[in-house]
Amino acid sequence: QVQLRESGGGLVQAGGSLRLSCAASGRTFATYAMGWFRQAPGKEREFVATFYWNNHNTYYADSVKGRFTISSDKAKNTVYLQMNSLKSEDTAVYYCTRSGRSFTGNYRSPTDYDDWGQGARVTVSS
């Protein structure tokens with residue numbers, strides 16, 4: 001299987017920026033999508049952004065559109081999440097994820113993915 005390691009979390013003031021990184025190792029030869037979800041205490045894990053490995057299409061949750069950008073360095077099996085104009089409601093643990101399966105769906109659900117990182121905590125102070 002694949003191991004995912006997030007980095008770059010931390011504390012930032014509202015309006016500030018932060019970049020998360022996720023490096024994948026192991027059996028990464030059949031990646032179809034990588035993405036980011038986040039989970040705040042007491043809440044369900046929610047979709048943030050996804051990157052389609054083959055066509056490089058990107059999709060975002062409405063709550064982060066225009067502020068977050070997902071990108072990748074495919075040679076390094078790494079995906080990034082650039083977070084700008086951060087708000088207090090962005091505070092959560094951010095999880096990197098990878099799908100090794102081809103779906104007819106849209107990779108917006110946690111069930112569309114196979115591997116998960118340990119999470120990177122992001123705290124945005126007001």
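All residue numbers refer to positions in the sequence shown, counting from 1. Bear in mind the structure is a predicted one, so any value in this text is a computation, not a measurement.
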Starting from Val12 and following side-chain heavy-atom contacts under 4.5 Å between hydrophobic residues (I, L, V, M, F, W, Y), which residues can be reached?
Val2, Leu4, Leu18, Leu20, Met34, Trp36, Val48, Phe51, Trp53, Tyr60, Val64, Phe68, Ile70, Val79, Leu81, Met83, Leu86, Tyr94, Val122, Val124
Tell me which pairs pass salt bridge (charged side-chain N to carboxylate O under 4.0 Å, His left out) where either residue lies in residues 52-64, with sequence neighbours left out.
Asp62-Lys65
Which pairs, with at least one residue in residues 40-90 and sequence neighbours excluded, count as a disulfide bond (SG atoms under 2.5 Å apart)?
none
Enumerate the side-chain hydrogen bond (donor to acceptor under 3.5 Å, both in side chains) contacts for residues 12-21, please, sequence neighbours excluded, ordered by first and then second residue.
Ser17-Asn84
Applying salt bridge (charged side-chain N to carboxylate O under 4.0 Å, His left out), which residue pairs with at least one partner in residues 81-95 are found, sequence neighbours left out?
Arg38-Asp90, Arg67-Asp90
So side-chain hydrogen bond (donor to acceptor under 3.5 Å, both in side chains) across residues 116-126, not counting sequence neighbours, yields none
Using the test salt bridge (Lys or Arg N to Asp or Glu O under 4.0 Å), find all partners of Arg27 that sit at least two apart in sequence or belong to another chain.
none
Ring centre gap for Tyr95 and Phe37 strictly below 6.0 Å:
no
Disulfide bond (SG atoms under 2.5 Å apart) pairs, two or more places apart, involving residues 21-103:
Cys22-Cys96
May I ask you to test the Tyr32-Asn54 pair for a side-chain heavy-atom distance under 4.5 Å?
yes
Arg5: partners by side-chain hydrogen bond (donor to acceptor under 3.5 Å, both in side chains), with sequence neighbours left out:
none
Using a 3.5 Å distance criterion without hydrogens, assess whether the side chain of Thr31 forms a donor-acceptor pair with backbone atoms of Ala33.
no
Walk me through it: do Tyr107 and Thr97 pass the test side-chain hydrogen bond (donor to acceptor under 3.5 Å, both in side chains)?
CA-CA 10 Å; Tyr107 293 99; Thr97 188; over 6 Å; no
With rounding to the nearest 0.5 Å, note down the distance linking CG in Asp112 to OG in Ser99.
6.5 Å
The criterion is side chain to side chain contact (heavy atoms under 4.5 Å, CB included); which residues satisfy it with Ser71, sequence neighbours excluded?
Tyr80
Suppose the criterion is salt bridge (charged side-chain N to carboxylate O under 4.0 Å, His left out): which pairs have a residue in residues 91-100, not counting sequence neighbours?
Arg98-Asp115
By side-chain hydrogen bond (donor to acceptor under 3.5 Å, both in side chains) - contacts of Arg108 (at least two apart):
Tyr52
